[in-house]
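Letters go in sequence order (proteins before strands), and every chain restarts at 1.
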Amino acid sequence: MSFYLHILASELSKTYLTLLRTKELHAFITKTHLACDPFYATRIVRLYSINSRLNYARHVFDKTPNRSVYLWNSIIRAYAKAHKFGNALSLFFTMFGTETLPDNFTYSCIIRVCAENFHRERLKLVHGRVLASGFGLDPICCSALVTAYSNLDLIEDASKVFDVMPHPDLVMWNSIISGFGYCGFWNQGLLLFSRMRNLGGHPDGYTVVGVASGIAEPSLLSTGKGIHGFCLKCSLDSNEHVASALVSMYSRCNCMYSAYLVFISLIQPDLVTWSALITGYSQSGDFWKALFFFQKLNMQGMKPDAILIASILAAAAQSANIRPGIEIHGYALRQGIDSNEMVSSSLIDMYSKCGYLSLGIRVFHIMQRKGIVAYNSIIWGMGLHGLASKALESFEELLDIGLMPNESTFSALLCACCHAGLSSVGKAIFRRMRNEFGIKYRTEHYVYIVKLLGMSGELEEAYNLVLSLPEPVDSGVWGALLSCCDACGNLELAEIVAQKLLENNPHKMAYRVMLSNIYAGEGRWDDVKKLRDTMTEKERGKLPGLSWI
DNA sequence: GTAGGGTTAG
């Protein structure tokens, strides 16, 4: 008996205990009437939660007459961890009718729940309750609020919470700095980083990960190097989170060599850092290196997980060669992660890009739960293979099962219509995208619709559409129009469009070459010569294509 | 109460 009590009271029960042992302890406290004590009930609830037995946990909670705030927090956290947000929220609201009011830990858990479920309005409501309960300056509630608001892209609200704190602690600083980085305001994050240091704060791993994750484009490379320097100076670079954040930061800056140097400086990089490197190579187009490092990782006896498999399949898809993809598929099957939604979606994409759409369709059909990414992948695949009507059928199917299409869905559909020359269907899809689904058009959507109109001879409509767009119109859109003019032989419009393009991109040769080709097609050799004279010898001398075959 | 790698698209 004292043995059971010892386990329940000690630190041991905070860590993992098997389901069997948990049931044993549960039986013990029931038999000895200790189950009425909220202290023991809380322990059992936590243990059931760790063992993913929510129903048992709830049963213990329901049977406990005197519920402490710890017990409430444990059951709410259990629901939150299991993504049962409705249950977590309803229990939270039930608390207000009881004698036990939520404490700062209850609030922080609910705040997180709201953010994970994109409940902006509910988050504000909970924030109101935080203030009313006197937790407006509580560091635990406030850091959770800052993170939640940032994750919902409400950085101004996050800032307001931070600004009222008279003496923000380290977690608070980290939350707001990561928030700015996450929302793309890397410069604001850096400013706060220096402010923190000027006030005598000591940045830790969380802080530098926060600033590094905001560095997302090659023009920020020197800033990124500065952050790396700081990590070296403070010996933070051996922290696994920091190291992988640095590897991805350099990858985003197109600086794979620096990413590689950070990687090899580690004695024992973990799976996430390996993934960061491999994904970096894959996304920068160096799929052979990605595949090479994937092989190396396997030879070192590390076990890739679903995220890494999905990532490496994207590299395999680029190779346009079925072999690596098939091998990885085999691996995923053996590991039992082929049914993971992310993995399946990238398998569909890999097969269709490597020319085996039928295999992609097979993967799609055997998927248990299909999300929007899986549908997008199959729609892209069908479109690429010229099966526009099949792509449209899949679109209707995803709507039927209640999925919400996104930007990529519409790019895929418009691309499918383009390939098949389905101009009126494409136009209808383009309209539905905004009117029915409220999705904003992006450059690629304009490019597709212009191509669709232009290639089906509706050049005038395409031109008017481009003119109606808010300035500045991306040169990709004008470029699409120019190539349609070329295809339709509309010299008049081609000149106008090319002029527009050359005004904005005087140094881009491709547009001059296109215009020159149009002149040549019409036999206007004088104009060709004039245009060609504006190019230097080097610019004209394009290397002809070579083939081994 | 805060952190790293993410499949489809550009």
Side-chain angles (χ1 to χ4, degrees), chain A residues 104-109 111-112 135 138-148 150-151 158 168-179 181-182 203-213 236 239-249 251-252 259 262-263 269-280 282-283 304-317 340-350 352-353 360 371-381 383-384 405-415 442-448 474 476:
Chain A
N104 46 355
F105 289 99
T106 327
Y107 281 113
S108 57
C109 179
I111 289 165
R112 203 188 163 114
F135 289 119
D138 177 79
I140 289 166
C141 284
C142 290
S143 51
L145 277 168
V146 168
T147 305
S150 325
N151 289 344
D169 67 2
L170 179 60
V171 176
M172 203 59 201
W173 280 109
N174 290 346
S175 306
I176 192 70
I177 290 172
S178 304
Y182 182 84
D204 64 357
Y206 287 86
T207 331
V208 289
V209 166
V211 275
S213 57
L236 290 168
N239 172 317
E240 288 177 336
H241 288 261
V242 173
S244 56
L246 288 175
V247 170
S248 343
M249 178 194 78
S251 310
R252 290 192 298 269
V262 173
F263 177 82
D270 69 1
L271 189 62
V272 177
T273 316
W274 273 96
S275 290
L277 184 80
I278 292 172
T279 310
S282 169
Q283 289 179 346
D305 63 358
I307 295 180
L308 181 52
I309 294 289
S311 217
I312 197 65
L313 281 168
N340 174 289
E341 197 192 321
M342 224 189 315
V343 172
S344 303
S345 305
S346 45
L347 277 171
I348 296 168
D349 181 62
M350 181 276 294
S352 81
K353 282 192 180 140
I372 190 64
V373 180
Y375 270 96
N376 289 350
S377 303
I378 201 74
I379 294 175
W380 274 107
L384 278 171
N406 60 21
E407 290 172 349
S408 176
T409 320
F410 286 99
S411 299
L413 287 167
L414 291 169
C415 176
R442 292 171 63 110
T443 303
E444 60 264 30
H445 301 119
Y446 289 127
V447 169
Y448 284 125
D474 194 277

Using a cut-off of 4.0 Å on non-hydrogen atoms, how would the nucleic acid contact of [X] be classed: base, sugar-phosphate, or nothing?
| X | result |
| --- | --- |
| Asp305(A) | base |
| Ser248(A) | sugar-phosphate |
| Asn406(A) | nothing |
| Asp138(A) | nothing |
| Gly210(A) | nothing |
| Arg442(A) | base |
| Glu240(A) | base |
| Thr273(A) | base |
| Ser178(A) | nothing |
| Ser345(A) | base |
| Asn104(A) | nothing |

List the residues meeting ring pair (Phe, Tyr, Trp, His ring centres under 6.0 Å) with [X], not counting sequence neighbours, and say none if there are none.
| X | result |
| --- | --- |
| Tyr446(A) | Tyr441(A) |
| Phe263(A) | Trp274(A) |
| Trp380(A) | none |
| Phe135(A) | Tyr107(A) |

| message | Reading DNA chain B in the 5' to 3' direction, which nucleotide is the first one with an atom under 4.0 Å from a heavy atom of chain A, and which is the last? | response | dG1(B) to dG10(B)
| said: Going by side chain to side chain donor-acceptor pair (under 3.5 Å), name the residues that satisfy it together with Thr147(A), two or more places apart in sequence or in a different chain. | reply: none
| request: Report yes if the side chains of Ile278(A) and Leu308(A) come closer than 4.5 Å at any heavy-atom pair, otherwise no. | output: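 Counting from C-beta outward, Ile278(A) and Leu308(A) do come under 4.5 Å.
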| said: Is there a side-chain contact between Glu240(A) and Val272(A) in this structure, where contact means two heavy atoms from C-beta onward sitting under 4.5 Å apart? | reply: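 Not in contact.
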